[in-house]
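These notes concern the structure reproduced below.
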Amino acid sequence: MATPKLSQRPRVLVVGGGYLGLYVAKSLQKKVRVHGGIVTLVDPLPYMTYQPFLPEVMGGSIEPRHITVPHARHLRQTELVQGKVTGIDHASKTATVEGVDGESFEIPYQDVVLAAGAITKTFPIPGLAQAGIGVKRVEEAVWIRDHVQERIQFADNTTDVEARKRALRCIVVGGGFNGVETISELQDAARVQAEQCQNITPADLDFQLVEAMPKIMPEVKPETAEWVVEHLRSRGINVRLQTSLGDATDQHLKLTSMANDDTKGQVIDEFDVDTLIWTAGVMANPMVRNTDFNIEPRGRVVVDAKLRTLDADGNVIEGAWAAGDVAATPDLTGHGLPDNTCVPNAQHAVRQSKVLANNLYATRYGVGEVADYKHESLGAVAGLGYGKGVAKLVKYPLTGFLAWAAHRGYHGLAIPTVERKVRVFSGWINQAIAGRDVSGMRNLQQPHADFVDAATPKKKPAAK
Ligand SMILES: Cc1cc2nc3c(=O)[nH]c(=O)nc-3n(C[C@H](O)[C@H](O)[C@H](O)COP(=O)(O)OP(=O)(O)OC[C@H]3O[C@@H](n4cnc5c(N)ncnc54)[C@H](O)[C@@H]3O)c2cc1C
């Protein structure tokens, strides 16, 4: 592909159009134009994904498209380039981009904003890549939703006992917020679907949450985490603490003990599965390693509290900014990660985007003040299925219906743009009136099959 037609104006290049990048581009696009510049956003996807809603997509409570925010509709004054930044040479202020057709080209810039987020972090477990799927993209959430629904339909229609067990088994590895919300929403929807089946019941479902540590959800108080474990178990979810996935070859899982006793490292259970979901962590986008920026041991870009990148001697690098999941941003409240950096979450990303945009603008155009980023966490909220939730609001734990209402209220208002909020809230109203929609679609993975069959000439039956 030829290099896309690019503006000749001095450029603010935003690498990644997720939570941080979308808001930075939105804040700067008009202001930078007034000064004769241009904001250019590069992302392989044409939309931002509101990741906190991925579990509700898997559970069929939100239509997948509604959790994406299309760049073309909401960044009208930004130059949009669909592609993947594969490297940055800040010494020459040039980014290399792989376009949608796989060909590479370069984009020059005056200022760069690193906003490429995080990717799913895995470990070298045999067979995991083939057997498992992550929860980071809306496409993954849609696949999981349809796959689990299809497997339940299959189980309802098969008489093969082993195949049925395997189809109704769903293993989620990782007991953080993401894993807990994923298994809760999926099992909630699966129970509704199983109640509508003729040959299986909700009791036949085998949903298991596998966590290597003795406790789930490190973000909440131990009592709240214990409440969640009890709650999930009371719903029939098997929560396996101090257990890890040792092998997933050919979708035959081997679970090993992580307990501090003589079982440690031993295989404690093994079985076949049709659904294996991996939610055991994220890591900074490794793309930033292919740049001349200063990267700390956990793979994040080093920045100061003003969100300016720093070199290895702690000096500010001119014209380069970073925040969100890809950056090691100092947490000035003292309540961040053990290394005093911000927890990678949307709460920080959205607030950092405002500070970053203001600081970049003030530094480049001399308008306004450069300020430090400092935000005291508001807590955390999680949905555990319809009408059920858990939350830590500032310091106060909350469980059950009120926590669920807080989860929906907070995230419903936090998803960017009014039109997406309207879509999400109206979908929830539909669900409240008409119930959860678990009706599966046939052949979604191979929609072409019927047409191929219809369009393929058939041999005439031989004359008798
Ligand atoms: C399932 C799930 C649930 C979550 N729930 C919560 C929650 O309840 N509360 C909360 O606060 N946080 C939550 N988070 C975390 C939150 O979504 C992230 O912290 C937040 O999105 C980080 O914003 P970001 O802009 O740094 O990265 P992202 O939003 O991930 O955006 C990164 C962007 O960079 C793009 N990109 C990737 N590689 C390249 C490249 N090479 N070149 C150009 N662009 C690239 C991506 O396509 C993406 O658009 C959740 C995350 C997940 C996965």
Side-chain angles (χ1 to χ4, degrees), residues 54-64 127-135 137-173 179 181-210 232 235-238 240 245 247-255 269-279 385-386 431 434-454 456:
L54 291 174
E56 288 216 36
V57 168
M58 287 184 263
S61 289
I62 304 183
E63 277 305 307
L128 176 62
Q130 294 73 32
I133 186 164
V135 181
R137 298 257 167 251
V138 70
E139 295 81 0
E140 292 170 323
V142 172
W143 185 89
I144 293 169
R145 180 196 67 183
D146 294 342
H147 173 75
V148 171
Q149 287 182 350
E150 186 279 327
R151 288 290 80 196
I152 293 173
Q153 283 166 352
F154 166 82
D156 194 29
N157 284 288
T158 184
T159 50
D160 179 331
V161 176
E162 279 312 309
R164 176 188 284 183
K165 272 192 194 164
R166 178 185 165 128
L168 293 176
R169 195 172 277 142
C170 171
I171 309 298
V172 176
V173 182
E181 285 194 288
T182 293
I183 199 157
S184 306
E185 292 289 349
L186 273 175
Q187 193 246 14
D188 212 39
R191 287 180 67 89
V192 174
Q193 193 184 348
E195 273 160 15
Q196 297 169 7
C197 287
Q198 305 203 339
N199 302 307
I200 60 168
T201 71
D204 295 316
L205 299 170
D206 179 7
F207 278 56
Q208 305 186 26
L209 180 67
V210 174
L232 296 180
R235 283 166 52 174
I237 296 172
N238 183 0
R240 309 182 81 141
L245 177 63
D247 200 312
T249 307
D250 296 332
Q251 292 182 285
H252 179 77
L253 305 196
K254 289 186 181 157
L255 300 183
D269 203 357
E270 53 184 298
F271 42 74
D272 293 331
V273 281
D274 282 350
T275 313
L276 171 63
I277 302 171
W278 181 268
T279 63
Y386 195 77
Q431 187 188 26
R436 193 193 280 266
D437 192 354
V438 290
S439 50
M441 297 269 162
R442 202 181 130 258
N443 278 350
L444 273 177
Q445 313 298 333
Q446 290 144 343
H448 208 203
D450 284 354
F451 183 73
V452 170
D453 187 40
T456 306

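Annotation: side chain to side chain donor-acceptor pair (under 3.5 Å) contacts of Ser439 (sequence neighbours excluded): Asp437. In this structure Ala163 satisfies the side-chain contact (heavy atoms from CB on, under 4.5 Å) test together with Phe154, Asp160, sequence neighbours excluded. Scored by the side chain to side chain donor-acceptor pair (under 3.5 Å) test, Arg191 finds no partners at all (sequence neighbours excluded). Scored by the side-chain contact (heavy atoms from CB on, under 4.5 Å) test, Glu181 finds Pro55, Ala382, His407 as partners (sequence neighbours excluded). Shown here are the side chain to side chain donor-acceptor pair (under 3.5 Å) partners of Arg169, two or more places apart in sequence or in another chain: Asp206.
How far OG1 of Thr158 is from CD1 of Ile200: 11.0 Å, rounded to the nearest 0.5 Å. Atom CG of residue Asp188 and atom OH of residue Tyr386 lie 10.5 Å apart, to the nearest 0.5 angstrom. Taken from CD1 in Ile152 to CG in Leu205, the straight-line distance is 5.5 Å, to the nearest 0.5 Å. Residue Thr182 holds its OG1 atom at 11.5 Å from CD of Glu56, rounded to the nearest 0.5 Å.
Atom CD of Gln446 sits in a sparse spot, with 12 or fewer heavy atoms from other residues, nucleotides or ligands closer than 6.0 Å.
Scanning both residues, Ile183 and Leu209, for their nearest heavy atoms gives CD1-N, 3.7 Å. Across all their heavy atoms, Ala131 and Ala248 have their closest contact at CB-O, 3.6 Å. Considering all non-hydrogen atoms of both residues, Ala155 and Arg164 come closest at O-NE, 3.2 Å. Contact between Gly385 and Glu185 at its shortest, heavy atoms only, is N-OE2, 3.3 Å.
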Residue pair Gln208, Val172: steps toward the side-chain contact (heavy atoms from CB on, under 4.5 Å) verdict: CA-CA 6 Å; Gln208 305 186 26; Val172 176; over 6 Å; no

Stepwise side-chain contact (heavy atoms from CB on, under 4.5 Å) test for Phe271 and Leu255: CA-CA 9 Å; Phe271 42 74; Leu255 300 183; 3.9 Å; yes

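With Gln187 contributing its side chain and Arg235 its backbone, the two residues share a donor-acceptor pair below 3.5 Å. Looking only at distances, no side-chain donor or acceptor of Asp247 sits under 3.5 Å from a matching main-chain atom of Leu253. Checking side-chain atoms of Asn199 against main-chain N and O of Asp156 turns up a donor-acceptor pair under 3.5 Å. Glu270 places no side-chain N or O within donor-acceptor distance of the main-chain N or O of His252, the cut-off being under 3.5 Å. With Arg436 contributing its side chain and Gly59 its backbone, the two residues share a donor-acceptor pair below 3.5 Å.
Val273 has its side chain out of reach of Arg166: every pair of non-hydrogen atoms, C-beta onward, lies at least 4.5 Å apart. Between Arg240 and Asp269, the closest side-chain pair of non-hydrogen atoms falls below 4.5 Å. Met58 has its side chain within reach of Ile144: a pair of non-hydrogen atoms, C-beta onward, lies under 4.5 Å apart. Counting heavy atoms from C-beta outward, Cys170 and Leu186 have side chains that approach closer than 4.5 Å. At least one side-chain heavy atom of Thr279 sits under 4.5 Å from a side-chain heavy atom of Ile277. Within the 4.5 Å cutoff, the side chain of Thr275 has no heavy atoms near those of the Ile133 side chain. Between Leu168 and Phe207, every side-chain heavy-atom pair lies at or beyond the 4.5 Å cut-off.
Within the structure, salt bridge (Lys or Arg N to Asp or Glu O under 4.0 Å) contacts touching residues 137-154 (residues at least two apart or in different chains) are Arg151-Asp274.
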